[in-house]
Amino acid sequence: MMFKHNFKKVLSATAFAVALVVAPAANVSAATNDASSTQQSATATSQDQQASQDQAASQSSAANQSSATAASASSSTSTSSATSTSTVKKTTKKAKKTTKKSKKKSKKKSKKKTSKKKAVKKVAKKTTKKRATKKAAEAAAKKAAAVKKAAAKKAAAKKKAAAKKKAAAKKKAAAKKKAAKKSAEKAAKYWIAMRESSGYYTARNGSCYGRYQLLISYLGGDLSKKNQERTADRYVYGRYGSWVNAKRFWLAHNWY
């Protein structure tokens, strides 16, 4: 803007010089007047230019002040923003630290809880195992006792059966012996009867009578076959203990 006004001033001066050279002398006065007018115009223009410059300077100053205010506001905003950012950062850092601490504490607590739970589980497992072992031992002992009892029962039954069998065998042997004895007794009795009377119940030899040739007084007046058998048995068992012994005596002495 200032450069434009200076250019106009220079242009006016040049025009004035040319007018002086070219214009006739008669016009010098007019030219002088014109130059004066031009000078006045230039002065007015200079004044206008000065006013414009002042206005521009004022505007520039206002603009600068506005810029300074804006810059100050911007700086204040920046400072406030920086302070706010710093505060946010600090708060975030503190929150992170607190979260980290809380997380660490929670993790430690969780770890401790897990460790405790694990220990309890281990103890429970050990107790269960111990209980199972004890139960198994009791079951084994019970089974062993049952087996022992069954074996004892079986042995007792076997022993009883053996005893019973032995008793039966003994009884059988006794019965057999008895039967044999009875048979021997019967045979010996028959042998003596045949030697004494040839087996007749009515045979008589002096004071002796019957199948076994007993003294007639022994029969007590009853000469029946039944009484003769009963009296002969009583006499032989009372005197010799058996018909076999009576036979043995008869063989030795030819009488009984």
Side-chain angles (χ1 to χ4, degrees), residues 117-256:
K117 198 175 180 181
K118 202 174 180 181
V120 169
K121 199 175 180 181
K122 196 177 180 181
V123 170
K125 196 177 180 182
K126 198 175 180 181
T127 308
T128 307
K129 196 177 180 181
K130 198 175 179 181
R131 198 177 289 167
T133 308
K134 193 180 178 182
K135 200 174 181 180
E138 282 177 359
K142 198 175 180 180
K143 193 178 179 181
V147 169
K148 195 177 179 180
K149 193 178 179 180
K153 196 176 180 181
K154 195 177 179 180
K158 199 175 179 181
K159 195 176 179 181
K160 195 177 179 180
K164 198 175 180 181
K165 195 177 179 181
K166 195 177 179 180
K170 197 175 179 181
K171 194 176 180 181
K172 193 177 179 181
K176 196 176 180 181
K177 193 178 179 180
K178 193 177 180 181
K181 190 179 178 181
K182 193 176 180 181
S183 181
E185 286 290 295
K186 193 176 180 181
K189 190 178 182 180
Y190 179 77
W191 187 88
I192 289 173
M194 292 307 288
R195 291 295 179 277
E196 290 294 326
S197 63
S198 301
Y200 292 104
Y201 284 99
T202 57
R204 189 167 186 165
N205 185 15
S207 58
C208 297
Y209 182 83
R211 184 180 174 89
Y212 302 100
Q213 289 297 295
L214 296 171
L215 290 172
I216 200 163
S217 57
Y218 288 170
L219 296 171
D222 186 2
L223 304 176
S224 64
K225 292 178 181 181
K226 194 175 181 180
N227 189 46
Q228 284 184 44
E229 292 289 337
R230 185 169 53 243
T231 304
D233 284 336
R234 188 167 57 244
Y235 168 77
V236 168
Y237 286 114
R239 186 179 176 89
Y240 303 105
S242 67
W243 285 99
V244 173
N245 290 336
K247 182 186 175 181
R248 196 176 291 121
F249 185 87
W250 199 99
L251 287 167
H253 301 91
N254 207 28
W255 61 275
Y256 76 104

Please determine whether side chain to side chain contact (heavy atoms under 4.5 Å, CB included) holds for the pair Thr202 and Tyr209, giving the CA-CA distance in whole Å, both sets of side-chain angles, and the decisive distance to 0.1 Å.
CA-CA 7 Å; Thr202 57; Tyr209 182 83; 4.1 Å; yes
Test log, rule side chain to side chain contact (heavy atoms under 4.5 Å, CB included), inputs Gln228 and Leu219
CA-CA 7 Å; Gln228 284 184 44; Leu219 296 171; 4.0 Å; yes
Verdict with reasoning, Glu196 to Trp250, per side chain to side chain contact (heavy atoms under 4.5 Å, CB included)
CA-CA 10 Å; Glu196 290 294 326; Trp250 199 99; 2.9 Å; yes
Using the side chain to side chain contact (heavy atoms under 4.5 Å, CB included) rule, take Asn245 and Arg248 through it: C-alpha gap first, then chi angles, then the decisive distance, then the call.
CA-CA 5 Å; Asn245 290 336; Arg248 196 176 291 121; 2.6 Å; yes
Show, in sequence, the C-alpha distance, side-chain angles and deciding distance for Tyr190 and Trp243, and conclude whether the ring pair (Phe, Tyr, Trp, His ring centres under 6.0 Å) test is met.
CA-CA 9 Å; Tyr190 179 77; Trp243 285 99; over 10 Å; no
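For the pair Cys208/Leu215, a side-chain contact is recorded, criterion being any heavy-atom separation below 4.5 Å from C-beta on. You'll find the side chain of Lys189 reaches within 4.5 Å of the side chain of Glu229, heavy atoms only. Using a 4.5 Å heavy-atom cutoff, the side chains of Leu223 and Ile216 are in contact.
Going from atom NZ of Lys122 over to atom NZ of Lys129 covers 11.0 Å, rounded to the nearest 0.5 Å. Note that NZ of Lys160 and NZ of Lys153 are 11.0 Å apart. Values are rounded to the nearest 0.5 Å. Remark: Arg131 CZ to Lys126 NZ distance equals 14.5 Å, nearest 0.5 Å. Distance check: Arg239 CZ to Arg234 CZ gives 15.0 Å after rounding to the nearest 0.5 Å. The NZ atom of Lys143 lies 15.5 Å from the CD atom of Glu138; values are rounded to the nearest 0.5 Å. Note that OH of Tyr218 and CG of Asn227 are 14.0 Å apart. Values are rounded to the nearest 0.5 Å.
Ring-plane geometry between Tyr201 and Tyr212 is classed as perpendicular, the angle between the planes exceeding 60 degrees on a 0 to 90 degree scale with a lower cut at 30. Using cut-offs of 30° and 60° for the angle between ring planes, the Tyr240 and Tyr256 rings count as tilted.
The shortest heavy-atom contact between Ser197 and Arg211 is OG-O, 2.5 Å. Here the closest heavy-atom approach between residue Val236 and residue Ser242 is recorded as CG1-O, 3.3 Å.
Gln213 contributes a side-chain N or O that, together with a main-chain N or O of Ala203, makes up a donor-acceptor pair within less than 3.5 Å.
In this structure, Tyr235 places its OH atom where more than 12 heavy-atom neighbours from other residues, nucleotides or ligands lie under 6.0 Å away. Within 6.0 Å of the OH atom in Tyr237, the count of heavy atoms belonging to other residues, nucleotides or ligands exceeds 12.
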